[in-house]
Amino acid sequence: MKIAIVGLAIPHPTGKELKKKGYTVWTLGRNADPDCDRYYELHGLQTKHPEKLVRRNLHSVVYGMCEKEGLPLNCSACGMALETLLEKDVEEILVTGCPQDSQKEYIQERPALAMIVGYLKGLGKKIIWENSPKNLNYGKN
C-alpha cells in the first residue's frame with residue numbers, strides 16, 4: 001500500500017492523479033477534492049465533504065506513541081503520517097502540499113513534521129516529503 005498525505009498548499013496533485021499512481025489518498029477535511037479516500041479535520045472546523053466520513057480525532061495509539069517516544073504532534077500532517085503506522089503493508093508514504101513555509105503558524109510546525117519524517121525513516125519506512133523547505137536540506141549541496 002502507498003499512502004499520500006495531501007495538504008492544502010498549491011500546487012499539489014489531485015486525488016485522482018495520485019490514485020492513478022497507486023496511492024491511497026488522505027487529506028484535510030477542508031480540501032475540496034472529492035477524490036480522496038480519507039479526510040481529517042482535527043481542528044473542529046466545517047468540512048467540504050459533510051457527506052463523507054471525516055476523522056475528527058487521531059487513533060489513541062498515536063497519542064500514546066507520541067507521549068512514550070517524545071514525538072511532536074502539532075499539525076495534521078504529523079498526525080496523519082503517524083497514523084500510517086497503524087495500516088498494514090505500507091510500502092511508501094508521500095507527503096505533498098505541505099511545504100510548511102507560507103505562514104508563521106506553518107513555519108513553527110515545520111520542525112515537528114521534519115522530526116516525524118525522520119522518525120518514520122528511522123523505522124525503515126520509505127517516506128518522501130515533496131517540496132520540503134530548502135533549509136531542511138542544509139549542508140547537502
Side-chain angles (χ1 to χ4, degrees), residues 1-50 52-141:
M1 168 190 260
K2 295 179 359 178
I3 297 175
I5 296 168
V6 182
L8 299 176
I10 303 296
H12 65 263
T14 65
K16 190 175 283 186
E17 291 168 334
L18 289 165
K19 285 181 175 188
K20 284 181 183 176
K21 294 179 179 181
Y23 287 98
T24 297
V25 184
W26 297 0
T27 191
L28 303 169
R30 292 168 289 144
N31 189 337
D33 187 340
D35 295 314
C36 300
D37 300 296
R38 187 181 291 181
Y39 296 87
Y40 286 80
E41 181 43 64
L42 306 174
H43 300 90
L45 300 173
Q46 184 71 16
T47 70
K48 299 282 185 179
H49 304 283
K52 295 190 177 190
L53 177 63
V54 176
R55 293 185 183 216
R56 295 196 172 272
N57 295 295
L58 297 172
H59 194 285
S60 61
V61 169
V62 171
Y63 295 110
M65 183 186 335
C66 289
E67 188 174 323
K68 180 181 175 195
E69 301 289 332
L71 298 172
L73 187 58
N74 68 351
C75 70
S76 298
C78 288
M80 288 188 278
L82 289 170
E83 281 215 346
T84 65
L85 294 173
L86 305 176
E87 302 292 323
K88 292 183 188 234
D89 303 320
V90 176
E91 59 192 58
E92 182 179 307
I93 304 158
L94 170 68
V95 179
T96 186
C98 299
Q100 301 298 83
D101 64 355
S102 64
Q103 298 174 22
K104 184 178 180 181
E105 173 189 1
Y106 301 139
I107 292 168
Q108 291 171 339
E109 294 170 352
R110 180 172 58 198
L113 183 55
M115 184 174 178
I116 297 300
V117 167
Y119 177 78
L120 292 172
K121 284 183 178 184
L123 293 177
K125 302 294 181 184
K126 180 178 181 185
I127 182 165
I128 303 156
W129 186 2
E130 194 172 71
N131 298 321
S132 63
K134 295 297 179 210
N135 67 346
L136 294 178
N137 296 321
Y138 180 78
K140 292 184 180 177
N141 295 335

Separation of [Y] [atom2] from [X] [atom1] (nearest 0.5 Å):
X: Cys98; Y: Leu28; atom1: SG; atom2: CG; answer: 7.0 Å
X: Ile116; Y: Cys66; atom1: CD1; atom2: SG; answer: 5.5 Å
X: Ile5; Y: Ile127; atom1: CD1; atom2: CD1; answer: 6.0 Å
X: Glu130; Y: Thr96; atom1: CD; atom2: OG1; answer: 3.5 Å
X: Cys78; Y: Glu109; atom1: SG; atom2: CD; answer: 7.5 Å
X: Trp129; Y: Lys121; atom1: CH2; atom2: NZ; answer: 10.0 Å

Are the side chains of [X] and [Y] in touch, meaning some heavy atoms are under 4.5 Å apart?
X: Leu18; Y: Leu94; result: yes
X: Val6; Y: Cys36; result: no
X: Lys126; Y: Glu91; result: no
X: Val61; Y: Leu85; result: no
X: Leu71; Y: Tyr119; result: yes
X: Asp33; Y: Val25; result: no

Task: Worked check of side chain to side chain contact (heavy atoms under 4.5 Å, CB included) between Met1 and Lys88 - done: CA-CA 8 Å; Met1 168 190 260; Lys88 292 183 188 234; over 6 Å; no

Task: side chain to side chain contact (heavy atoms under 4.5 Å, CB included) between Leu58 and Leu82, worked out - done: CA-CA 9 Å; Leu58 297 172; Leu82 289 170; over 6 Å; no

- [ ] Identify, with sequence neighbours excluded, every residue that meets salt bridge (charged side-chain N to carboxylate O under 4.0 Å, His left out) alongside Glu87.
- [x] Arg38

Task: Residues in side chain to side chain contact (heavy atoms under 4.5 Å, CB included) contact with Ile10, at least two apart in sequence or another chain - done: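 Here the qualifying residues are His12.
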
Task: side chain to side chain contact (heavy atoms under 4.5 Å, CB included) partners of Asn131, counting only residues at least two apart - done: none

- [ ] Kindly state each residue pair satisfying side chain to side chain donor-acceptor pair (under 3.5 Å) with at least one member in residues 52-77, sequence neighbours excluded.
- [x] none

Task: Inter- and intrachain pairs under side chain to side chain donor-acceptor pair (under 3.5 Å), touching residues 17-28, at least two apart - done: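 For residues 17-28: Thr14-Glu17, Lys19-Asp37, Tyr23-Glu92, Thr27-Asn31.
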
TODO: Could you tell me which residues satisfy side chain to side chain donor-acceptor pair (under 3.5 Å) with Thr84, sequence neighbours excluded, listed by chain and number?
DONE: none

